Amino acid sequence: MAKDGKVIITCAVTGAIHTPSMSDHLPLTPDQVAEQAIGAAEAGASILHLHARDPSDGRPTPDPAVFMEFLPRIKQNSDAVINITTGGGLGMTVEERMAAALVAKPEVASLNMGSINFGIFQAADRIKEWKYDWEEPYLRGTDDFIFRNTFKDIERILKDLGEAHGTRFEFECYDVGHLYNLAYFLDRGLVRPPLFVQTIFGILGGIGTDKENLVFMKQTADRLFGEDYEWSILGAGRHQMSLCTMGAMMGGNVRVGLEDSLYLARGKLAESNAQQVAKIRRIVEELSLEVATPEEARARLDLKGGDRVGF
């Protein structure tokens with residue numbers, strides 16, 4: 001839960017869901033990722049969640065060398081906590097998804113808490129003109145796609161990245177069962193509090209965006225984890241700001257960014273990640289809450305510090 005009325009804002013800068021044809025503002029090259037991440041931090045994000053893309057055509061890439069083109073630059077120009085994906089992109093192996101994080105040894109890495117039907121094929125129907133050949137089959141193929149994270153996969157990531165390098169995790173929970181999966185690893189002693197629990201709403205295959213689901217996910221997490229977790233809210237697409245606002249009112253932290261939604265308002269594309277961060281910050285402050293600094297986020301999540309990463 002947000003402590004002392006201070007909300008941790010995470011910004012997910014580019015992700016692996018949206019494709020270049022959807023928005024000209026989606027950062028694709030290492031320079032664009034760095035610039036937008038730094039801008040998001042300046043706007044108030046204390047955590048930056050990062051994926052990489054092939055600069056030639058914008059497709060998601062697991063290549064650690066591409067990550068290393070922007071990670072040092074972001075670190076040099078911001079005090080924000082850097083959070084590297086282990087979700088990668090659609091169709092990547094567990095080894096590929098872990099590769100950059102094992103090199104970078106970040107303070108935080110994302111960790112999907114279970115396998116899930118991950119359907120983004122409907123997005124293809126809205127694209128009239130494609131910039132690159134890979135995009136349409138990448139999206140349409142998700143009607144027959146399962147994002148895999150078995151118990152064995154999760155344990156491997158917890159040990160090889162968490163135990164070995166002191167990386168903590170943003171536990172991404174797309175449905176109620178994922179909370180129980182996390183409780184299982186907590187009971188086994190493979191994770192320790194405080195848990196950073198990111199509840200995700202609106203991905204086809206996961207829990208829906210009904211406000212009752214937000215309440216139910218929080219109630220379930222409260223039962224399972226008590227006071228030993230930090231709760232954060234992610235709403236996909238047009239539900240981003242409304243669910244984040246509701247979550248902040250309920251004492252949660254929030255996540256925005258072009259990974260989760262390309263829009264700033266109805267019918268208006270966001271021109272940068274910083275615009276979305278500035279908007280949710282404005283909302284949070286209008287609710288008489290404060291935005292947590294990177295150092296406050298580090299303390300609350302018990303992170304190892306930016307001086308102990310691999311970049």
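As the structure is a computational prediction, the values presented were derived from the model and not from experiment.
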Non-neighbouring partners of [X] that pass side-chain contact (heavy atoms from CB on, under 4.5 Å), sequence neighbours left out:
X      : result
Glu296 : Lys6, Ala292, Thr293
Asp228 : Pro193
Glu69  : Pro30

* Asked: Tell me, which pairs form a salt bridge (Lys or Arg N to Asp or Glu O under 4.0 Å) where one or both residues lie in residues 109-120, sequence neighbours left out?
  ->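 Applying salt bridge (Lys or Arg N to Asp or Glu O under 4.0 Å) to every pair that reaches into residues 109-120, excluding sequence neighbours, yields nothing.
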Closest non-hydrogen atom pair between [X] and [Y], with its separation:
X      : Y      : value
Arg300 : Pro194 : O-CG, 3.2 Å
Val33  : Pro27  : N-CB, 3.9 Å
Lys75  : Ile82  : N-CD1, 4.2 Å
Leu243 : Gly235 : CD1-CA, 4.0 Å
Ala278 : Ala43  : N-CB, 4.2 Å
Ala248 : Leu289 : O-CD1, 3.6 Å

Around atom [atom1] of [X], are there more than 12 heavy atoms of other residues, nucleotides or ligands at under 6.0 Å?
X      : atom1 : answer
Asp133 : CG    : no
Glu286 : CD    : no
Ile146 : CD1   : no
Lys211 : NZ    : no
Asp187 : CG    : yes
Arg238 : CZ    : no

* Ionic contact status for Glu285 with Arg281, cut-off 4.0 Å ->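 Salt bridge: yes.
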Distance, nearest 0.5 Å, that separates [atom1] of [X] from [atom2] of [Y]:
X      : Y      : atom1 : atom2 : answer
Leu287 : Met249 : CG    : CE    : 6.0 Å
Ile233 : Thr10  : CD1   : OG1   : 10.5 Å
Ile207 : Asn213 : CD1   : CG    : 4.0 Å
Leu186 : Asn181 : CG    : CG    : 12.5 Å
Leu214 : Gln219 : CG    : CD    : 10.0 Å

Apply side chain to side chain donor-acceptor pair (under 3.5 Å) to [X] and list each qualifying residue two or more places apart in sequence or on a separate chain.
X      : answer
Arg192 : Asp302
Glu155 : Lys159, Arg188
Asn77  : none
Arg148 : Asp153

* Where at least one partner belongs to residues 52-68, residue pairs that pass side chain to side chain donor-acceptor pair (under 3.5 Å), sequence neighbours excluded ->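 Found Thr14-Arg53, Asp54-Ser56, Asp57-Arg59.
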* Applying side chain to side chain donor-acceptor pair (under 3.5 Å), which residue pairs with at least one partner in residues 35-48 are found, sequence neighbours left out? ->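 Sorted pair list: Gln36-Asn273.
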* Give a yes or no on whether the ring-centroid distance for Tyr174 and Phe147 is below 6.0 angstrom. =>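 No; Phe147 has its ring centre 6.0 Å or more from that of Tyr174.
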Same apolar cluster (I L V M F W Y, side chains within < 4.5 Å links), [X]/[Y]:
X      : Y      : value
Leu179 : Phe171 : yes
Val103 : Met92  : no
Phe169 : Trp231 : yes
Leu269 : Leu26  : yes

* By salt bridge (charged side-chain N to carboxylate O under 4.0 Å, His left out) - contacts of Arg97 (at least two apart) ->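 In terms of salt bridge (charged side-chain N to carboxylate O under 4.0 Å, His left out), with neighbours along the sequence ignored, Arg97 is linked to no residue.
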* **Criterion side-chain contact (heavy atoms from CB on, under 4.5 Å) against Gln240, the qualifying member of Val254, Asp260, Thr209** =>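 In the set Val254, Asp260, Thr209, the residue that makes a side-chain contact (heavy atoms from CB on, under 4.5 Å) with Gln240 is Asp260.
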* Under 3.5 Å side-chain donor-acceptor pair for Arg255 and Asn83 ->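 Checked: Arg255/Asn83 side chains show no N/O donor-acceptor pair below 3.5 Å.
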Side chains of residues 304-311: which donor-acceptor pairs under 3.5 Å do they make with residues two or more places apart or in other chains?
from: Lys304; atom 1: NZ; to: Lys105; atom 2: O; distance (Å): 2.9
from: Lys304; atom 1: NZ; to: His165; atom 2: O; distance (Å): 2.7
from: Lys304; atom 1: NZ; to: Arg308; atom 2: O; distance (Å): 3.2

